[in-house]
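Written out below as structure tokens is the structure these notes cover.
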Protein chains: 2
Amino acid sequence: MGFREELRVLPGPVDLVGYDTKATPGWDREDKDGGKEALDVLGPEMADLQERLFAHGVEGNDDRRVLVVLQGMDTCGKGGIVKDAAGLMEPQGLHIRSFKKPTEEELSHDFLWRIRKALPGPGMIGVFDRSHYEDVLIGRVHELAPADEIERRYDAINEFEAELVDSGYTLLKVMLHASKERQAERLLERLEDPTKWWKFNPADLDEREYWDDYMSAYEIALERTNTDVAPWFVVPAHRKWYRKLAVAHLLLETLRTIGLDWPTPDYDVEAEKKRLLESSPGLG
Amino acid sequence: MGFREELRVLPGPVDLVGYDTKATPGWDREDKDGGKEALDVLGPEMADLQERLFAHGVEGNDDRRVLVVLQGMDTCGKGGIVKDAAGLMEPQGLHIRSFKKPTEEELSHDFLWRIRKALPGPGMIGVFDRSHYEDVLIGRVHELAPADEIERRYDAINEFEAELVDSGYTLLKVMLHASKERQAERLLERLEDPTKWWKFNPADLDEREYWDDYMSAYEIALERTNTDVAPWFVVPAHRKWYRKLAVAHLLLETLRTIGLDWPTPDYDVEAEKKRLLESSPGLG
């Protein structure tokens with residue numbers, strides 16, 4: 001049984017509060033070392049599939065690409081996931097973007113404007129560290145837009161994502177889910193280590209006051225944008241080794257669904273070989 | 001003795017044709033395995049220095065950043081260097097850009113326009129896979145601009161790079177240098193492996209006809225833009241393990257010159273710790 005099946009959010013209301021963030025679904029052993037080994041094992045296939053995807057992008061006339069959307073509360077481990085993905089793949093085929101507080105210019109446009117500008121090109125694997133979902137998460141929690149505008153956005157997101165899928169995108173939407181208690185531990189680690197002070201911001205503590213509101217905003221967003229073409233996956237994120245393993249498997253299983261062969265060259269291989277050998281005496 | 005000293009291009013005329021591309025300066029053993037080990041050893045220091053640089057960028061009020069310019073003929077190994085750099089560092093602090101044939105829009109502006117748009121932000125390590133130097137390399141070889149415009153560009157590049165250094169950049173300009181015969185071997189490998197066909201383009205063979213012109217254009221560019229604030233380094237690129245080791249060392253030695261401490265937090269660490277502990281019963 002794959003991680004996609006295990007971690008896929010079922011249609012209907014979502015319960016994040018009752019969720020076991022320490023669980024390891026899809027992995028029957030509570031086995032950290034085994035999980036790390038399993039992660040090493042999938043590296044070559046991941047690299048191979050990424051290279052095939054990229055090769056089609058280079059060759060042209062192929063619009064296929066992947067977009068991974070990573071969401072989760074502060075300290076849930078998104079950064080580590082991005083680093084792992086980068087370690088497994090060719091940087092030339094990876095397109096990593098993170099979305100911070102919108103600028104004045106971005107705020108003057110529709111919320112999807114900055115997202116559209118940051119989309120990956122053909123053949124690429126895009127990874128969004130936060131995304132358009134912030135506009136129905138922090139946007140909802142802090143009432144950064146009128147209620148009817150927030151309402152409108154769920155449908156706008158579904159339309160937008162369906163449009164992406166129609167034009168060659170494969171989407172993988174992942175929420176990393178850890179507990180409020182776990183976040184406190186991670187924040188304390190940062191405050192106790194001078195080499196991590198720069199990662200801490202007093203505003204992080206202010207945001208913790210809104211934890212329940214965020215969970216509620218996530219539950220609504222997951223339910224309303226959990227479509228057949230762009231389903232959500234929730235990854236229990238308490239254990240670092242598990243969340244890394246789970247996201248890597250989700251991505252690998254997603255790449256497998258694309259059915260990637262090597263592109264057919266648009267030149268005559270034998271003729272080019274002959275031309276090279278003729279112009280390079282002593283070769284071959 | 002460091003790689004920076006060993007590989008730095010000396011002032012005056014540059015001889016690339018008589019250059020030993022199989023040499024391993026700075027590394028006294030012709031020892032492939034030792035070279036790979038040495039590369040592993042420098043990883044942690046590299047990651048640490050990059051994180052310090054990035055931390056200053058996050059904290060703000062610090063414009064320091066690094067820009068690595070990678071140049072070299074097709075198949076010289078630029079892609080592998082970029083991949084290695086990515087493997088050693090946090091992707092969030094790396095800003096990789098590659099420059100292909102300019103678009104119509106790019107051609108309608110000064111040659112530095114697209115370069116300026118692609119510069120890394122504060123705290124970042126930018127890596128340019130090809131760069132503004134293409135405009136005095138392929139630009140010169142194929143006479144893509146009038147002769148006096150090509151002439152003007154050397155000074156324009158020196159002014160541009162001096163301006164970058166003045167505003168907080170540390171530049172590392174590297175040419176990977178392999179032989180024409182080595183390129184033939186690499187191209188033949190691509191043509192003989194179906195999983196590498198996509199990397200080959202018949203135009204690659206056409207460009208080989210201009211090899212001597214390219215070497216001459218490189219020699220002129222290296223001589224004329226080899227300034228004190230932005231010197232050139234030439235890395236013999238015949239041996240894959242050596243060129244990787246050499247570029248990694250050049251980058252590490254360059255990061256060391258910056259003198260990177262950890263930034264001082266702009267908040268009261270003890271007060272924040274107290275606030276966290278008070279709001280999180282059971283923690284600590």
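In what follows, chains are A, B, ... by sequence order, proteins preceding strands, each numbered from 1.
Considering all non-hydrogen atoms of both residues, A:L191 and B:V269 come closest at O-CG1, 3.5 Å.
Atoms CG and CD, on A:L205 and B:E278 in that order, are 11.0 Å from each other to the nearest 0.5 Å. Rounding to the nearest 0.5 Å gives a distance of 8.5 Å between CD of B:E272 and CG of A:N201. Atom CG of residue A:L94 and atom CG of residue B:L94 lie 11.5 Å apart, to the nearest 0.5 angstrom. Atom CG of B:L276 sits about 11.5 Å away from atom CZ of A:R190, to the nearest 0.5 Å.
Atom CG of B:D261 sits in a crowded spot, with more than 12 heavy atoms from other residues, nucleotides or ligands closer than 6.0 Å. The 12-atom threshold is exceeded at NZ of B:K180, counting heavy atoms of other residues, nucleotides or ligands nearer than 6.0 Å.
For chain A, the nearby part of B:A86 is the side chain; its heavy atoms alone come within less than 4.5 Å. The part of B:V58 that comes within reach of chain A is its side chain, from C-beta onward, which places non-hydrogen atoms under 4.5 angstrom from that chain. Proximity to chain A is limited to the side chain of B:I96, based on heavy atoms less than 4.5 angstrom apart. When heavy atoms are compared at a cutoff of 4.5 Å, B:T195 approaches chain A by way of both its backbone and its side chain. In this structure, chain A has heavy atoms under 4.5 Å from both the backbone and the side chain of B:E185. When heavy atoms are compared at a cutoff of 4.5 Å, B:P263 approaches chain A solely by way of its side chain, counted from C-beta outward. Neither the backbone nor the side chain of B:D84 comes within less than 4.5 Å of any heavy atom in chain A. Contact of B:R52 with chain A is not made at all, since no heavy-atom distance falls under 4.5 Å. At a 4.5 Å heavy-atom cutoff, the contact between A:Q92 and chain B is made by side-chain atoms alone. If you measure heavy-atom distances from B:K199 to chain A, the contacts under 4.5 Å come from the side chain alone. B:W262 touches chain A through its side chain: at least one heavy atom from C-beta onward sits under 4.5 Å away, while N, CA, C and O do not.
A:M89 places none of its side-chain heavy atoms less than 4.5 Å from the side chain of B:K83. At a threshold of 4.5 Å between non-hydrogen side-chain atoms, the residues A:R275 and B:D206 count as touching.
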**Request:** Step by step, work out the side-chain contact (heavy atoms from CB on, under 4.5 Å) result for A:H56 and B:W198.
**Result:** CA-CA 8 Å; A:H56 281 281; B:W198 67 274; over 6 Å; no

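Ring-centre distance between B:Y267 and A:W197: not below the 6.0 Å cut-off.
Checked against B:S280 for a side chain to side chain contact (heavy atoms under 4.5 Å, CB included), the options A:R208, A:Q183, A:E181 give a single hit: A:R208.
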